[in-house]
Amino acid sequence: MHVLVAGGAGYIGSHVALELQNAGHEVSVFDNLSTGMRSNLQKGMRLYVGDLNDRRRLEKAFVRRPDAVIHLAAAKAVGESMENPEKYSRNNLMGTLSLLEAMTNAGCSQLVFSSTAAVYGEPRYTPVDEAHALDPQSYYGFTKLEIERILAWYDRLKGIKYAVLRYFNAAGYDPEGRILGKERNPQNLLPRVLEVAAGLSPQVSVFGNDFPTQDGSGVRDYVHVTDLARAHLLSLEKIASTRQSLTVNLGSETGISVLEILEAARRVTGRAIPAQITGRRAGDPAVVVADAALAKKTLGWIPRYSDPETLLSTAWKVYKPN
Ligand code: WQD
């Protein structure tokens, strides 16, 4: 298959592009390089530099008639989306509408969409399955949910078959070290911990130790980006063979606390990693853990790299100073 990966130069997208290429697919990447990096791409991948809202550039990426699109081109910072919702309307909502129109015009009818656990909002129960109420608590999560709903209409009206993949906390790097791009100004826990381990930042702030969890710190479901990438490949094959749309959670189904991550990071890196308990971050739930039974059943997906040691050691190869 020829697959167009929108956002394929970014952190998750570049791992998806690599997985597709390894499986023998032809890969084109469309990316505005706002956060993505050319250096994340592998030899043999075609790059179209452009923004989804730039219709002329986007149409060029469809000239070679991709059979399917994987769409990860979006802004993804929860806090920023509350301060600057316009950016999220433009990038996520308008960008996706533009992409759907380009797909429709080009007769491309298969799409894998990168969604998020943020569509559920504060969990009412855990583990969170796909039947859980959809109640995003950030504008970012809202944009992803709106796109999911738009996709259901495009399926009905235009015959676009889609896989919506709701990622929990993506982390780790390609175990073979072929992707080395560090995210700029990371907000997520693992890159922050590893920046401290690498001496790039003085200490980790632990956002709260008074949650009702095993050790008081926040519990999340960390899933390795290579496991996520594999799920994209399986989803593509699934929608191509069944011509049926699907929506699934992608998570390791294991809850790890912030303090457990810190401890594992000290073991893996051999560095002290100073940390300080600070107040809770606004809007942070105590526990977010996936029920990923549906992905396992529907796609035959099995996470292989999502234990804390592998998450941290594959990322440490990228963060470790030479
Ligand atoms: C993880 C845990 C923090 C940083 C968000 C989005 C989600 C997805 C991933 C985009 C929490 C704690 C963090 C730090 C800390 N985003 N923490 N110190 O908030 O679970 O998920 O990012 O698609 O949709 O909601 O991820 O990595 O920010 O935090 O103590 O410096 O680490 O409180 O418990 P989060 P995170």
Side-chain angles (χ1 to χ4, degrees), residues 7 10-13 15-16 35 71-82 87-88 91-92 113-123 126 128 132 134-145 147-148 164-172 183 185-197 200-225 228 249-252 254-265 273-290 308 311-312 315:
Y11 166 56
I12 301 177
H15 285 85
V16 170
T35 56
H71 173 29
L72 316 93
K76 59 150 191 158
V78 170
E80 183 192 49
S81 77
M82 304 297 270
K87 176 175 171 183
Y88 287 73
N91 282 328
N92 300 8
F113 175 63
S114 156
S115 190
T116 169
V119 298
Y120 298 115
E122 166 101 40
T126 55
V128 178
H132 187 282
L134 299 168
D135 186 16
Q137 297 298 306
S138 66
Y139 192 70
Y140 162 73
F142 169 79
T143 63
K144 291 286 181 175
L145 179 57
I147 295 164
E148 290 191 8
V164 162
L165 305 182
R166 294 177 178 156
Y167 319 148
F168 282 64
N169 291 58
E183 289 187 280
N185 186 24
Q187 303 296 313
N188 295 112
L189 180 65
L190 267 78
R192 287 202 165 194
V193 165
L194 294 175
E195 281 191 351
V196 175
L200 299 169
S201 175
Q203 64 178 14
V204 178
S205 300
V206 176
F207 298 150
N209 66 346
D210 57 352
F211 287 104
T213 61
Q214 56 261 39
D215 56 25
S217 66
V219 167
R220 295 292 180 274
D221 179 322
Y222 298 93
V223 54
H224 197 285
V225 69
L228 289 180
N249 286 341
L250 295 178
S252 65
T254 308
I256 312 286
S257 75
V258 174
L259 296 178
E260 286 168 348
I261 289 285
L262 269 169
E263 218 175 279
I273 317 187
Q276 191 185 28
I277 313 284
T278 66
R280 292 186 187 189
R281 185 171 63 179
D284 264 355
V287 180
V288 185
V289 177
L311 289 164
L312 286 158

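Numbering of ligands and ligand atoms starts at 1, following listing order. All figures in this text were calculated on a predicted structure; none of them were measured in a lab.
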Practice problem: Mind checking the CZ-CD1 spacing from R220 to I256? Nearest 0.5 Å is all I need. | Solution: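 Here the rounded value is 12.5 Å.
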Do [X] side-chain atoms and [Y] backbone N/O form a donor-acceptor pair below 3.5 Å?
{"X": "Q137", "Y": "D135", "answer": "yes"}
{"X": "D221", "Y": "A290", "answer": "yes"}
{"X": "E80", "Y": "V78", "answer": "no"}
{"X": "Y222", "Y": "G251", "answer": "no"}
{"X": "E148", "Y": "L145", "answer": "no"}
{"X": "S205", "Y": "F207", "answer": "no"}
{"X": "N92", "Y": "A75", "answer": "yes"}
{"X": "S81", "Y": "Y140", "answer": "yes"}

With a 4.0 Å heavy-atom cut-off (strictly under), which part of [X] contacts ligand 1: side chain, backbone, both or neither?
{"X": "L189", "result": "both"}
{"X": "L190", "result": "neither"}
{"X": "N188", "result": "both"}

Looking only at protein heavy atoms, identify the closest one to [atom] and say how far it is in Å.
{"atom": "atom 12 (C) of ligand 1", "answer": "V258 CG2, 3.6 Å"}
{"atom": "atom 20 (O) of ligand 1", "answer": "R220 NE, 2.6 Å"}
{"atom": "atom 8 (C) of ligand 1", "answer": "T116 OG1, 4.4 Å"}
{"atom": "atom 29 (O) of ligand 1", "answer": "R281 NH2, 3.5 Å"}
{"atom": "atom 2 (C) of ligand 1", "answer": "Y222 OH, 3.5 Å"}

Touching ligand 1 at all, [X]? Heavy atoms, strictly under 4.0 Å?
{"X": "Y140", "answer": "yes"}
{"X": "Y120", "answer": "no"}
{"X": "S205", "answer": "yes"}
{"X": "N169", "answer": "yes"}

Self-check item: Check ion pair R192-E183 (N to O, under 4.0 angstrom)
Solution: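 E183 and R192: not salt-bridged.
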Atom indices of ligand 1 within 4.0 angstrom of [X] heavy atoms, with elements:
{"X": "Q187", "value": "4 (C), 28 (O)"}
{"X": "V78", "value": "6 (C), 25 (O)"}
{"X": "A118", "value": "24 (O)"}
{"X": "K76", "value": "10 (C)"}
{"X": "V206", "value": "30 (O)"}
{"X": "D284", "value": "3 (C), 19 (O), 33 (O)"}

Exercise. Answer with yes or no whether the side chains of S115 and Y167 bring together a donor and an acceptor at under 3.5 Å.
Key: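 On atom types as modelled, these side chains do not qualify, holding no pair under 3.5 Å.
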Practice problem: Using distance alone, decide if ligand 1 has a nitrogen or oxygen within less than 3.5 Å of any nitrogen or oxygen in A117. | Solution: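 In fact, backbone or side chain, A117 has no N or O that close.
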Quiz item: Which of the listed options, R280, R192, K144, holds the heavy atom that is closest to atom 31 (O) of ligand 1?
Solution: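 The nearest heavy atom belongs to R192.
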Quiz item: If hydrogens are left out, which of Y167, F207, F168 has an atom nearest to atom 30 (O) of ligand 1, that is, the closest non-hydrogen atom?
Solution: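 Nearest heavy atom to atom 30 (O) of ligand 1 lies in F207.
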Practice problem: Using the side chain to side chain donor-acceptor pair (under 3.5 Å) rule, take N209 and S217 through it: C-alpha gap first, then chi angles, then the decisive distance, then the call. | Solution: CA-CA 4 Å; N209 66 346; S217 66; over 6 Å; no
Practice problem: Take V288 and V219 through the test side chain to side chain contact (heavy atoms under 4.5 Å, CB included) and record every step on the way to the result. | Solution: CA-CA 6 Å; V288 185; V219 167; over 6 Å; no
